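Before any comments, here is the structure.
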Amino acid sequence: MDFGLPRLPSEAEIAAGIPAIPPVPACEARPFWSVMLPNYQSDAYLARALASVLAQDPGPAAMQIEVIDDASPSGDPQALVEKLGGGRVGFHRHPSNLGATQTFNTCLRRARGRWVHILHADDEVLAGFYAAYQRVIGLREDLVMAVGPVATIDERGARLNAPGPARAGEGRILRDFAKRQATRQQVQFAGWVLRREACERAGGFCTLLHHCADMELAFRLGLLGPVGSVAQAYGCYRIHAGSDSRRLMETGENIREIALAIGINRRRLARARLPAPRRSWRRRIAGVADRYARLLAAAGSTQGSLAQARWALRLWPTPRRARAAASAWLAHARAGRPG
């Protein structure tokens with residue numbers, strides 16, 4: 001037993017959680033792109049996301065654009081889509097709330113394009129995104145994905161950091177992608193496009209996961225074929241208080257799911273007799289939890305800081321982390337919310 005790690009589901013449980021993605025019927029027109037925007041309570045940002053896509057729209061013959069709403073209980077995303085899209089943008093609404101992972105699978109199933117970009121309704125793309133990714137895709141016929149770095153923005157769209165490190169170079173193939181992806185997230189929705197046919201072979205997003213469903217699917221896709229690199233950051237990931245990522249940080253569920261996805265991926269590597277990364281991944285993820293604990297403490301979230309500190313201690317226990325967890329517990333208790 002790996003101390004401190006969540007229980008791994010059985011192979012049968014995982015297989016049951018991976019839905020089939022049926023092929024597009026032969027009678028339907030196939031644009032090159034399907035840009036699918038999953039939305040839940042993001043009307044404030046959806047307009048910006050749509051505008052960033054429509055500004056580089058090559059036309060309906062080349063690009064499907066559709067918003068998938070997960071039964072948002074307030075706002076009127078359909079009216080917003082009709083106003084901004086002028087009939088150009090499709091809209092589909094779940095009859096009831098299904099959650100993020102099921103919404104991503106709806107995006108894949110409804111996508112008719114040969115390549116799919118799932119762009120969260122609170123994210124954006126910069127000018128030139130689709131042209132740059134299409135250039136890389138055109139270099140090799142067997143790519144299953146194309147990925148690039150992503151810039152982080154705040155509620156107003158201001159850049160919070162410089163773009164991530166360059167990949168292997170424009171149009172290069174990322175070496176050992178699946179092995180690296182097993183324990184280190186190399187993709188982010190805003191900068192990640194998928195060949196739909198590869199998703200038909202691999203299956204969709206695993207419904208046992210919520211925060212890390214993309215990490216697990218990218219690993220499975222990486223086992224199927226090569227992954228191309230876009231060197232420049234054209235996608236923008238927005239950080240804001242209402243995001244799913246922030247809510248998961250508050251409970252520590254983000255770290256639990258990272259550890260769970262890594263455990264699933266490493267077991268697959270072992271069964272495929274591929275070399276698995278060593279245990280040092282636990283030290284790295286504990287460091288991620290350390291950083292989140294400090295950030296949440298600075299933001300005034302004693303609950304989130306405590307949850308992250310506890311995970312850091314479980315993954316890579318040290319005297320310093322034990323002191324940090326104790327300090328976080330005391331801060332939470334003083335705030336009147338003992339955990």
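Residue numbers start at 1 and run along the sequence shown. Just so we're clear, the structure is a prediction, and the values are computed from it rather than from any experiment.
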Apply the hydrophobic cluster definition, ILVMFWY joined by side-chain contacts under 4.5 Å directly or through others, and give me every member besides [X].
| X | result |
| --- | --- |
| V24 | none |
| L208 | L8, I14, I18, L209, L260, I264 |
| L98 | none |

Query raised in the report: Taking it one step at a time, do T207 and Q102 satisfy side chain to side chain donor-acceptor pair (under 3.5 Å)?
Result: CA-CA 7 Å; T207 57; Q102 293 282 23; 5.0 Å; no

With sequence neighbours excluded, tell me which residues meet side chain to side chain contact (heavy atoms under 4.5 Å, CB included) with [X].
| X | value |
| --- | --- |
| C199 | L108, L194, L221 |
| P73 | Y40, Q41 |
| S327 | none |
| R271 | E11, R267 |

Requested in this report: Starting from the C-alpha separation in whole Å, work towards a yes-or-no answer on ring pair (Phe, Tyr, Trp, His ring centres under 6.0 Å) for F104 and F189.
Outcome: CA-CA 10 Å; F104 302 153; F189 279 100; 4.7 Å; yes

Query raised in the report: Would H117 and Y133 count as a ring pair (Phe, Tyr, Trp, His ring centres under 6.0 Å) if you check the C-alpha gap in whole Å, the side-chain angles of each, and the deciding distance to 0.1 Å?
Result: CA-CA 10 Å; H117 184 206; Y133 277 73; 7.1 Å; no

Query raised in the report: Who pairs with Y234 by ring-ring contact (aromatic ring centres under 6.0 Å, His included), at least two apart in sequence or on another chain?
Result: none

**Report entry** Side-chain donor-acceptor contact under 3.5 Å, Q308 with N254
**Finding:** yes

Report summary line: Note: E250 and A307 closest approach over all heavy atoms is O-CB, 3.8 Å

Report summary line: For V81 and F91 the tightest heavy-atom approach is CG2-CD1, 3.9 Å

Report summary line: In short, side chain to side chain donor-acceptor pair (under 3.5 Å) pairs touching residues 75-91 with sequence neighbours left out are D57-R88, Q78-E82

**Report entry** side chain to side chain donor-acceptor pair (under 3.5 Å) between T106 and H92, intermediate numbers included
**Finding:** CA-CA 9 Å; T106 299; H92 175 81; 5.7 Å; no

Query raised in the report: Any salt bridge between R268 and E216, counting N to O under 4.0 Å?
Result: yes

Query raised in the report: Below 4.0 angstrom, N of the basic side chain to O of the carboxylate: do R320 and D290 qualify?
Result: yes

Query - Any pair counted as salt bridge (charged side-chain N to carboxylate O under 4.0 Å, His left out), so long as it reaches residues 39-52, sequence neighbours left out - result: R48-E124

Query raised in the report: Is it true that the NZ or CZ of R284 lies under 6.0 Å from the centre of W281's six-membered ring and within 45 degrees of the ring axis?
Result: no

Report summary line: From the list V116, V67, I65, side-chain contact (heavy atoms from CB on, under 4.5 Å) with M36 holds only for V116

Query raised in the report: Taking only residues two or more places apart in sequence, or in another chain, which ones meet Q64 in a side chain to side chain donor-acceptor pair (under 3.5 Å)?
Result: S34, E66

Report task. Name all residues meeting the side chain to side chain donor-acceptor pair (under 3.5 Å) criterion together with N105; count only those two or more places apart in sequence or in a different chain, and write none if there are none. Result -> none

